[in-house]
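When a ligand or atom number is given, it counts from 1 through the structure's own listing order. Residue indices begin at 1 and follow the sequence shown. Small disclaimer: the values here were computed from a predicted structure and weren't measured.
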Amino acid sequence: MSITVGRFAPTPSGKMHLGNVLCSLLAWLSARSQGGKIILRVEDLDTERSNWEFQRQIEDDLLWLGLTWDEGGVDADNHRYCQSRRTDIYLRYFAQLEEMGLIYPCFCSRAELHAASAPHRSDGRFLYTGTCRNLTPEEVAQKRKLRPPAARIRVPDREVAFTDLHYGPYTENLAEECGDFVVRRADGVFAYQLAVAIDDALMGVTEVVRGNDLLSSSPRQIWLHELFGFPPPQYGHIPLLTAFDGRRLSKRDGDLDLSRLRTLYSPEEIIGMLGKAAGLLDEYRPISAENLISYFDWKKIPLEDIRLPENFPERLSV
Ligand SMILES: [Zn+2]
């Protein structure tokens with residue numbers, strides 16, 4: 001029988017905020033409620049913004065909350081769970097895509113992309129119109145003299161469908177709704193979509209739990225899994241945690257970062273508050289992550305975003 005393998009995949013570009021905590025908690029509860037494992041991967045592809053000191057703080061916060069993992073972390077096995085140290089692996093898979101004839105250079109600047117792109121999608125993504133899709137070798141050679149290209153992947157005109165553990169059936173036509181996407185930036189850094197698909201597969205992840213802002217990334221990642229011959233993981237997206245007025249939380253919300261909350265509350269109080277906010281507990285009470293496992297049920301979690309109480313963090317729960 002195969003075991004569920006979930007994952008934490010923080011980006012160490014700042015302190016952990018409460019939305020990150022909710023996501024980690026639900027990923028952990030889902031895996032643990034099935035007797036599964038958790039892997040901790042460090043998504044530090046963007047080495048300018050990422051910092052291992054932040055990562056060590058995140059790991060300390062997770063342990064303080066009782067959210068343990070079985071494998072990975074910044075210092076484990078010579079940093080091999082850090083995306084910044086996995087470039088050789090991504091290169092190998094990128095070469096496979098090149099051999100399949102799916103990769104082409106894109107010379108568009110950000111301004112050109114905005115000017116030439118099809119209208120905004122509802123989630124704010126641009127649909128690439130294919131400006132560089134059919135350049136001749138001469139045009140490519142000419143343009144290379146002016147600027148290094150990004151690498152885009154040619155997507156097929158077909159639907160990719162999957163059933164989300166929380167939001168149910170989800171379908172996207174890659175050509176019509178996404179367009180050819182960047183898999184390697186002009187500075188050589190591999191794009192999130194490619195790195196995540198490869199890492200989830202190679203690390204044996206079978207279940208991805210993350211915020212619903214990434215729901216529309218899933219068809220691209222599933223398609224990449226298919227190209228490489230990997231079985232895709234199951235995806236479960238969760239509602240986002242917002243301020244009481246519906247504003248999205250960000251790493252700039254100092255009041256909501258865990259280092260401040262740790263001075264105000266115990267781990268059980270924070271877990272209890274999030275357990276109530278996510279619908280797992282009928283009413284607020286302090287509880288450990290371990291004791292919350294038996295309350296986990298996707299059906300109890302709301303589909304719409306979850307609002308924090310007004311006056312949070314002074315007031316813990318509604
Ligand atoms: Zn282009």
Under the ring-ring contact (aromatic ring centres under 6.0 Å, His included) test, which residues partner W64, sequence neighbours left out? none
Is it the case that the side chains of S30 and E207 hold a donor-acceptor pair, with the cut-off being a distance below 3.5 Å and no angle test? yes
Pair R32-T68, side-chain donor/acceptor within less than 3.5 Å: yes
Distance-only donor-acceptor check, side chains Q83 and D199, under 3.5 Å: yes
Would you say the side-chain atoms of Y104 and N134 include a donor-acceptor pair closer than 3.5 Å? no
Nearby protein N/O/S atoms (those under 2.8 Å) for the Zn ion (ligand 1), with water ignored: C106 SG, C108 SG, Y128 OH, C132 SG
Could you walk me through whether F190 and L91 pass the side chain to side chain contact (heavy atoms under 4.5 Å, CB included) check? CA-CA 9 Å; F190 286 99; L91 267 172; 3.9 Å; yes
